[in-house]
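To start, the structure itself, in structure tokens.
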Amino acid sequence: MTAPGWASDTASLRRLQLYLTANTITVTVASALLVVCRLTLVRNGWILALAAAVGGSAALLAVASRLLRRGRPGPALSLAAAANWVTSVIAVAITPFTLAPVVLTLLLPVVTTLPYSSRRRMVITASGAVISSVICAVLARWRPIDGPERLAPRWLLDAIVITFVPLVAALAVFSAWRTHLDLEARAEELRRSRARLVAASDQARRGFERDLHDGAQQQLSAVTIRLGLLRSQLADQPALAAAVDQVEADLSTAVDELRNLARGIYPPLLTQRGLGEALRAAALRSAVPVDLQLPTAGLSRQAPAVEAAVYFACLEALQNAARHSGAARIHLSVKEGAALEFAVRDDGIGFDPATIGEGSGLMNVADRLGSVGGRLAIDAAAGKGTELRGVVPLGG
Amino acid sequence: MVRLLVVDDQPAFLRAFADMIAAVDGFELATATTAAAAAERCAEGGIQLVLMDVNLPDLDGVTAARRIEAAHPGLPVVLVSTYLAEDLPEDLPTAGRRYVEKRSLTPRLVRELWSELSEDP
């Protein structure tokens, strides 16, 4: 069971586990080195106090590591961050010269846990780091405990600062880089997941269209043929013949409506013959005349998701132009190169793109294009017509 | 007697069409449900007119029609389906091929088709 707001994927948890283990080992070694230091170079009681504080921090980190292994990343990282704050403040209070590496250390929990934190925990972690930094800075200037630093040889202080500042800075940069890679991977996974959803939805749409075509439409065609046969045998019964004619007319309307429904769900031409043929048919059906400009050599077949994204984008533009724009003419062009590019321009009344809301047709079009790595641009203004342009990279 | 071959994998349509042809004087019906079965039936000889669905389980109707016409010059093949002509690929009508929507098939239309196509050179 993972707390809400925390990453549950195994790779992220393994990385956090590694971070906590490395931290525990480092802090334990530091505690031991402090004891050695007390015994050899700096004979001052505060050094032992610092060693105890660092040792306590190592123990807290070990507990945090255990919590993480038990599937409780939230409390684990909160505990690790708290250990970091307290130890940092004690370290700077006893040895003010360590301010620079310690403040850098305070940034580590922030950059390390960034991709795994909920907003609330991130605020707590960041606030803890800032408050601890302020306390450390004040203590470094105030120097409440005077002694250990004056007793230590100068070369030791220089060595500690020169070694740890770049080391901790490198760790912080490394953590930020890992965070960047994590976020990039998540963005890519989201795009893929959106593409899978659209592909599954399109597959279902194709299935509905096939079912309607192979089922209801075929049955209704058979009924129409039988009615025609019946009608041909009623030449001498005009009243019955008229009734059959009426049934035929009603049935014909039902067949037309069913066919329009099936075509709207997923045009069969798009599946069978690709984007060019499907757009040609859509342009012919458009209520507003369409100048269709396709490559002379035709459009090559693309992945179904790409063809569907461009087709439904163009269809939405054609339907919007017919319903809302009052346009007299629409120009639709598709170009194919390294990317598939389309543009639908009308000479209608235009609109304010800022009025496009969630769930609108154009928003769906943009989402669908985004799912195949494409993007949509809308160039429209009241009274100046509308142009929809889209591009989908090919060969990816 | 004109021997008419209908190629379609939809049983409801085949039954309705068979009943209709039974009521038309001078026509005799043969049926096939795949392009391969249609090619075999044509190879046996005697078929004078073919009505072929655009979508067949083993091959698209346009290709199947081309193959039959190539193997049997002069044998007319008419494509049928429930789609509107505007929903069909552009090269279908431009190939000079006859296309009929299934619901338009009446005894009169079948007779007209035969009369028109049997006169073609």
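Here is how names work: the chains are called A, B, and so on, in the same order as the sequence lines, proteins then strands, and each is numbered from 1.
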Counting distance only, does the side-chain N/O of A:Arg226 pair as donor-acceptor with the main-chain N or O of B:Asp19 below 3.5 Å?
no
Side chain, backbone, both or neither: which part of A:Gln233 has an atom under 4.5 Å from a heavy atom of chain B?
side chain
Counting only non-hydrogen atoms closer than 4.5 Å, does B:Asn55 touch chain A with its backbone (N, CA, C, O), its side chain (CB onward), both, or neither?
side chain
Find out whether B:Thr82 and A:His213 are in side-chain contact, i.e. whether some heavy atom of one side chain is under 4.5 Å from a heavy atom of the other.
yes
Give the member of A:Gln219, A:Gln272, A:Arg263 that has the highest number of heavy-atom pairs under 4.5 Å with chain B.
A:Arg263
Short side-chain donor-acceptor distance under 3.5 Å, A:Gln218 and B:Lys102:
yes
More than 12 heavy atoms from other groups under 6.0 Å of CD on A:Gln203:
no
Name the member of A:Thr224, A:Ile225, A:Val255 that forms the most heavy-atom pairs with chain B at distances under 4.5 Å.
A:Ile225
Is it true that, when you exclude B:Asp25 itself, more than 12 heavy atoms of the residues, nucleotides or ligands shown sit nearer than 6.0 Å to its CG?
no
Give a yes or no on whether A:Arg196 atom CZ has more than 12 heavy-atom contacts from other residues, nucleotides or ligands under 6.0 Å away.
yes
Please find the pair of heavy atoms, one from B:Tyr83 and one from A:Arg259, that lie closest to each other, and give the distance.
C-NH1, 3.7 Å
Charged N to carboxylate O below 4.0 Å: is that the case for A:Asp256 and B:Arg103?
yes
Among A:Gly228, A:Ala278, A:Pro268, which has the most heavy-atom pairs under 4.5 Å with chain B?
A:Pro268
Any heavy-atom pair between the side chains of B:Gln10 and A:Gln217 that's under 4.5 Å?
no
Would you say CZ of A:Arg192 has more than 12 non-hydrogen atoms from neighbouring residues, nucleotides or ligands within 6.0 angstrom?
no
Check the pair A:Arg231, B:Thr106 against side-chain contact (heavy atoms from CB on, under 4.5 Å), reporting the backbone distance first and the verdict last.
CA-CA 10 Å; A:Arg231 175 68 180 78; B:Thr106 57; over 6 Å; no
Given heavy-atom pairs under 4.5 angstrom as the criterion, report whether the side chain, backbone, both or neither of B:Arg108 touches chain A.
neither
Hey, which of A:Gly276, A:Ser232, A:Ala222 has the most heavy atom pairs under 4.5 Å with chain B?
A:Ala222
With sequence neighbours excluded, what pairs up with B:Glu40 under the side chain to side chain contact (heavy atoms under 4.5 Å, CB included) test?
none
Greatest number of heavy atom pairs closer than 4.5 Å to chain B - which of A:Leu220, A:Leu284, A:Leu227, A:Leu229:
A:Leu229
Do other residues, nucleotides or ligands put more than 12 heavy atoms under 6.0 Å from the CZ atom of B:Arg111?
yes
Proximity breakdown for B:Leu14 and chain A, heavy-atom pairs closer than 4.5 Å:
neither
